[in-house]
Amino acid sequence: MKQTINLNVADRNFKYYIFDWDDNILRMPTHIHLERRLRDGTWVEHRVSTSAFAVVRNDTENYRPPHGDWAKAFVEFRDFGPGDESQFLTDARAAIDQVLCGNQPPPPSFNTFRKTLAEGRIFAIVTARGHSSETLRRGVELFIARVLSPDEKRAMLANLRGYTVTYEGEAADAAKTDAQTLDYYLSLNKYHAVTSPQFERLAEGKLLRPGQSEERKQFAIRDFIEHLFGIIERTGARKPISVGFSDDDPANVRAVQDYIRDELAQRFPSVRFVIYDTSDPSLPFGRKITVSGQMLLDL
């Protein structure tokens, strides 16, 4: 069968995305294990969702990790669980199925991520989880397999081939199978779980406050932007560039907003940065904040 190549991608601007995973792309059934203080001062086991944790995580008077050990609190967010399949993939499959069967509405960035994949846009996953990059990538592969329709998958492959032919030359795509085309695309993206041992090694000695999730996400975002500019410079193309970031944790949103305004917008003045605060459940697609150079517009 002749492979379809969408050469119209040459007319597109450069648009990229950075996604938080939990409660943003998928509402994962993963829990954080805490202890909660009762009125009589005793502590009891208490499991919370990621969205609930975003609310209580700074309430150290009433919530704490089991025996003061945060590794025990986030045991479901690591790759060393029992079984052949990681807990991440098990939970991702369950979360996807809840949306597809209509039991849950799509999370705020579910359809944006779906469109990003179908269009073949480069993206990053930046999450506070502790999985390896390979585990996160396998989660993306699962999303593609279960969520994208056959037409969307065909469009994705046609778009990917179009990008390869346009920016790397026709010969670069000639011998690639569908699987090789998809593998190459997925290899271009970034998968940062900012509490993983792998990320620890990447960021070692480069963080002022290593214990802060917000600073870790800032580092991951900068790493992705630098990665993007490396790709863009290789193409030699000069086009408008925009980068969107979405997260459901207000603290992360504020930290990233400040970081973009104070550092990234100055270092990369040609980029239009857009933030989507997806913490408010009454706003299906989140609150949009555009940061452009030194100018901050709340839309």
Novice: Might you point out which heavy atoms bring R129 and T30 nearest each other, and give the distance in Å?
Specialist: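 Closest approach of R129 to T30: NH2-OG1, 2.8 Å.
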Novice: Against W21, only a single residue in F77, Y191, F88, F123 fulfils ring pair (Phe, Tyr, Trp, His ring centres under 6.0 Å); can you say which?
Specialist: F88
Novice: Calculate, to the nearest 0.5 Å, the distance between atoms CD and CG belonging to E141 and L117 respectively.
Specialist: 11.0 Å
Novice: Roughly how far, to the nearest 0.5 Å, is the OG atom of S86 from the CG atom of D79?
Specialist: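 Rounded to the nearest 0.5 Å, the CG-OG separation comes to 5.5 Å.
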Novice: What closest approach, in Å, do H31 and E76 show between heavy atoms, and which atom pair accounts for it?
Specialist: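 Distance-wise, the nearest heavy atoms are N-OE1, 3.1 Å.
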Novice: May I ask you to check whether Y276 and F245 place their ring centres under 6.0 Å from each other?
Specialist: no
Novice: Got a sec: does the NZ of K115 have more than 12 other heavy atoms crowding it under 6.0 Å?
Specialist: no
Novice: Between CZ of F273 and OH of Y259, what distance do you get to the nearest 0.5 Å?
Specialist: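 Rounded to the nearest 0.5 Å, the CZ-OH separation comes to 9.5 Å.
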Novice: Do Q98 side-chain atoms and A94 backbone N/O form a donor-acceptor pair below 3.5 Å?
Specialist: no
Novice: Check K239 against V9 and note the closest heavy-atom contact, atom names and distance.
Specialist: NZ-O, 4.2 Å
Novice: Strictly by modelled atom types, are T278 and N24 linked by a side-chain donor-acceptor pair under 3.5 Å?
Specialist: yes
Novice: Working to the nearest 0.5 angstrom, can you tell me the gap between F53 CZ and D249 CG?
Specialist: 9.0 Å
Novice: Only counting residues at least two apart or in another chain, list the ones meeting ring pair (Phe, Tyr, Trp, His ring centres under 6.0 Å) with H46.
Specialist: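 Ring pair (Phe, Tyr, Trp, His ring centres under 6.0 Å) list for H46, sorted by chain: Y63.
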Novice: Does a salt bridge link K153 with D178, judged by any charged N lying under 4.0 Å from a carboxylate O?
Specialist: no
Novice: Salt-bridged, K217 to D20, with N to O below 4.0 Å?
Specialist: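 Looking at K217 and D20, the cut-off is met.
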Novice: Decide yes or no on side chain to side chain donor-acceptor pair (under 3.5 Å) for S279 and D277, but give the supporting numbers first.
Specialist: CA-CA 6 Å; S279 62; D277 177 356; 2.7 Å; yes
Novice: So that I know where these two stand, are F229 and F224 an aromatic pair - ring centroids less than 6.0 Å apart?
Specialist: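 When the ring centroids of F229 and F224 are compared, they turn out to be at least 6.0 Å apart.
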Novice: W43 ring centre to R36 NZ or CZ under 6.0 Å, with the angle to the axis within 45°?
Specialist: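 Geometry flag: not set, cation outside 6.0 Å or 45°.
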Novice: Between atom OG1 of T164 and atom OH of Y185, what is the distance when rounded to the nearest 0.5 Å?
Specialist: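 If I round to the nearest 0.5 Å, the distance is 11.5 Å.
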Novice: When you compare the side chains of D151 and S149, does any donor N or O come within less than 3.5 Å of an acceptor on the partner?
Specialist: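 Absent: no donor and acceptor within the cut-off.
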Novice: Between N159 and N6, do the side chains contain a donor N or O and an acceptor N or O under 3.5 Å apart?
Specialist: yes
Novice: Have a look at S133 and tell me which of Q198, R138, H192, K190 forms a side chain to side chain donor-acceptor pair (under 3.5 Å) with it.
Specialist: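 Only one of Q198, R138, H192, K190 forms a side chain to side chain donor-acceptor pair (under 3.5 Å) with S133, namely Q198.
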Novice: Please test S109 against S246 for side chain to side chain donor-acceptor pair (under 3.5 Å), starting from the C-alpha separation and ending with a verdict.
Specialist: CA-CA 7 Å; S109 294; S246 63; 3.2 Å; yes
Novice: Test side chain to side chain donor-acceptor pair (under 3.5 Å) on R12 and Y163 and set out the steps.
Specialist: CA-CA 10 Å; R12 293 177 178 173; Y163 280 121; 3.2 Å; yes
Novice: What's the separation between atom OG in S49 and atom CZ in R27, rounded to the nearest 0.5 Å?
Specialist: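 The distance works out to 10.5 Å.
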Novice: Salt-bridge test for E214 and R57: reply yes if a basic N is under 4.0 Å from a carboxylate O, no otherwise.
Specialist: yes
